[in-house]
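The next block holds one structure in the form of structure tokens; read it before the comments.
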Amino acid sequence: MNKAKYIGLGLIGALIGNSVVFLFVSFFSDKYGTLADWMGGLGTIAAFLAVFWQVKKEADVQRAMDIENQRPHFAIHIVPDKELLKTGTVFIGCQSNIDALKDKLYGLKNAEDILDREFDLNDWEDIRSYYVIKNISKNNIYSITVNFMYLKNKSLKSEKVKYTGVKPYENIVILTDFYCEDTTTQFKEMVVKFTSSASEVGFLRYRPYQDNYFYIKSKNKSVSTVNEDKIILQNSKEYEELNFEMEDRKNIFSNYWRITRNYD
């Protein structure tokens with residue numbers, strides 16, 4: 001349907017161009033009609049321009065609807081480690097944290113070996129809880145980058161992880177040096193930068209009992225938000241604050257481990 005619209009726009013543009021040339025030439029000749037004829041010709045051009053604008057507007061609105069419908073939404077939970085072994089779960093963080101969790105969960109170096117092993121999830125000590133981000137939308141997400149901030153002995157710490165190819169309803173476990181049972185640490189906030197399947201870039205800022213979504217303003221003026229979601233400019237202070245060190249690849253961990261079946 002979009003292809004047909006573009007063809008229509010091309011035909012309209014060609015017709016308008018020819019009309020303008022004809023009227024320009026006719027203006028210097030008496031044999032091409034009266035003032036009324038000229039006014040009628042100008043009216044025709046105005047009508048074509050109105051159609052051109054309307055078709056473009058409809059295309060922008062449709063594109064905006066596609067962008068908005070492909071936006072992800074997240075739910076963030078705190079989950080004990082023995083409850084993390086579910087299908088559709090991905091652990092992301094530095095490799096040492098992933099390996100430590102594998103050793104604890106299975107006592108194995110290779111996660112694939114667990115397929116033929118038995119273990120008791122209830123016979124555990126030293127329970128540790130993690131923050132889990134769940135994609136609660138039916139949309140795929142191209143990528144997410146998470147800036148996890150917390151206080152350690154009153155000193156601000158920041159750990160960043162990245163993952164590409166988030167599936168609908170997938171759980172993302174954030175493996176950092178922070179965990180809830182450590183009395184020397186205190187969670188501050190989490191900023192999730194995401195690129196949707198429609199290539200829209202946005203942020204989720206999560207604080208205890210509060211979450212806000214921000215979307216980068218695009219050239220399409222028809223793109224909008226709902227409720228308390230907000231559109232921001234890429235050169236704004238809000239963007240600089242949310243995007244702080246999100247592009248520093250040297251300090252972003254992208255290691256991951258995906259669970260492909262249940263182990264209840």
Side-chain angles (χ1 to χ4, degrees), residues 1-3 5 55-79 86-93 130-149 160-174 187-249 252-254 256 258:
M1 184 172 179
N2 288 335
K3 185 176 181 180
K5 285 185 177 180
V55 172
K56 184 179 183 304
K57 181 66 175 178
E58 290 180 1
D60 287 345
V61 170
Q62 183 60 51
R63 171 61 177 163
M65 291 176 61
D66 292 341
I67 291 174
E68 293 169 20
N69 289 335
Q70 293 183 64
R71 285 173 175 168
H73 285 84
F74 304 97
I76 296 178
H77 307 284
I78 299 174
V79 181
K86 303 290 184 181
T87 298
T89 298
V90 177
F91 301 84
I92 58 175
Y130 296 88
Y131 274 87
V132 179
I133 304 173
K134 183 179 182 66
N135 176 15
I136 59 174
S137 72
K138 61 181 180 181
N139 300 316
N140 291 297
I141 307 170
Y142 177 72
S143 67
I144 63 170
T145 303
V146 182
N147 185 1
F148 192 96
M149 289 166 276
K160 302 174 186 66
V161 295
K162 182 174 183 177
Y163 181 66
T164 300
V166 182
K167 298 180 179 180
Y169 311 111
E170 192 165 50
N171 296 297
I172 308 295
V173 183
I174 309 300
F187 175 77
K188 186 175 184 293
E189 72 173 26
M190 186 190 314
V191 176
V192 181
K193 181 180 181 180
F194 55 87
T195 302
S196 74
S197 54
S199 299
E200 182 183 38
V201 177
F203 296 90
L204 164 65
R205 166 176 272 168
Y206 173 80
R207 293 167 176 168
Y209 311 108
Q210 179 184 359
D211 56 276
N212 302 101
Y213 288 87
F214 303 84
Y215 302 96
I216 308 305
K217 184 177 179 61
S218 70
K219 295 180 180 179
N220 189 340
K221 296 181 180 180
S222 297
V223 176
S224 61
T225 58
V226 296
N227 301 325
E228 297 181 359
D229 297 352
K230 187 176 180 181
I231 292 179
I232 61 175
L233 296 174
Q234 193 165 357
N235 60 354
S236 65
K237 291 184 178 180
E238 284 179 306
Y239 176 84
E240 291 180 2
E241 181 180 349
L242 292 166
N243 198 54
F244 182 67
E245 293 186 349
M246 287 288 197
E247 312 298 333
D248 186 4
R249 295 183 179 181
I252 298 178
F253 296 105
S254 57
Y256 71 91
R258 182 191 296 274

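Sequence positions, counted from 1, serve as the residue numbers for this chain.
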Salt bridge (Lys or Arg N to Asp or Glu O under 4.0 Å) involving [X] - partner list, sequence neighbours excluded:
| X | value |
| --- | --- |
| K162 | none |
| E247 | K193 |
| R207 | E189 |

Is a side-chain donor or acceptor of N69 paired with a backbone partner of M65 at a separation under 3.5 angstrom? yes
Between N139 and P72, is there a donor-acceptor pair closer than 3.5 Å when you use the side chain of the first and the backbone of the second? no
Kindly determine whether N243 and F203 satisfy side chain to side chain contact (heavy atoms under 4.5 Å, CB included), including the steps that lead there. CA-CA 8 Å; N243 198 54; F203 296 90; 3.8 Å; yes
Look up atom [atom1] in [X] and atom [atom2] in [Y], then write down how far apart they are to the nearest 0.5 Å.
| X | Y | atom1 | atom2 | value |
| --- | --- | --- | --- | --- |
| I133 | I174 | CD1 | CD1 | 4.0 Å |
| I92 | T164 | CD1 | OG1 | 9.5 Å |
| N135 | I172 | CG | CD1 | 8.0 Å |
| R63 | S222 | CZ | OG | 12.0 Å |
| Y163 | S143 | OH | OG | 11.5 Å |

Can I get a per-line list of side-chain donor-acceptor pairs under 3.5 Å for residues 223-235, giving both atom names and the distance, sequence neighbours left out?
from: S224; atom 1: OG; to: E68; atom 2: OE2; distance (Å): 3.3
from: T225; atom 1: OG1; to: D229; atom 2: O; distance (Å): 3.1
from: K230; atom 1: NZ; to: E238; atom 2: OE1; distance (Å): 3.2
from: K230; atom 1: NZ; to: E238; atom 2: OE2; distance (Å): 2.8

For the residue pair Y239 and F214, is the inter-centroid distance of their aromatic rings smaller than 6.0 Å? no
For Y130 together with F91, are the ring centres under 6.0 Å from each other? no
Name the orientation class of the two ring planes belonging to Y131 and F148 (parallel below 30°, tilted from 30 to 60°, perpendicular beyond 60°). perpendicular
Just to verify, what does H73 make a ring pair (Phe, Tyr, Trp, His ring centres under 6.0 Å) with, not counting sequence neighbours? Y213
Side-chain H-bond candidate by donor/acceptor type, S197 with Q70, under 3.5 Å: yes
Would you name the heavy atoms of [X] and [Y] that are closest together and state the gap between them?
| X | Y | result |
| --- | --- | --- |
| Y206 | D211 | CD1-CB, 4.2 Å |
| R258 | G165 | NH2-O, 4.3 Å |
| V161 | G93 | CG1-CA, 3.6 Å |
| I252 | M246 | CD1-O, 3.2 Å |
| A64 | N220 | N-ND2, 3.7 Å |

Inspect the surroundings of OH in Y215 and state if more than 12 heavy atoms from other residues, nucleotides or ligands are less than 6.0 Å away. yes
Before you tell me yes or no, could you show the steps for V146 and M190 under side chain to side chain contact (heavy atoms under 4.5 Å, CB included), namely the whole-Å CA-CA distance, both residues' side-chain angles and the distance that decides it to 0.1 Å? CA-CA 7 Å; V146 182; M190 186 190 314; 3.5 Å; yes
Mind checking whether F74 and I141 have side chains closer than 4.5 Å, heavy atoms only? yes
Quick one: does I76's side chain get under 4.5 Å of L204's, heavy atoms only? yes
Qualifying salt bridge (charged side-chain N to carboxylate O under 4.0 Å, His left out) pairs with a residue from residues 132-141, counting only residues at least two apart or across chains: none
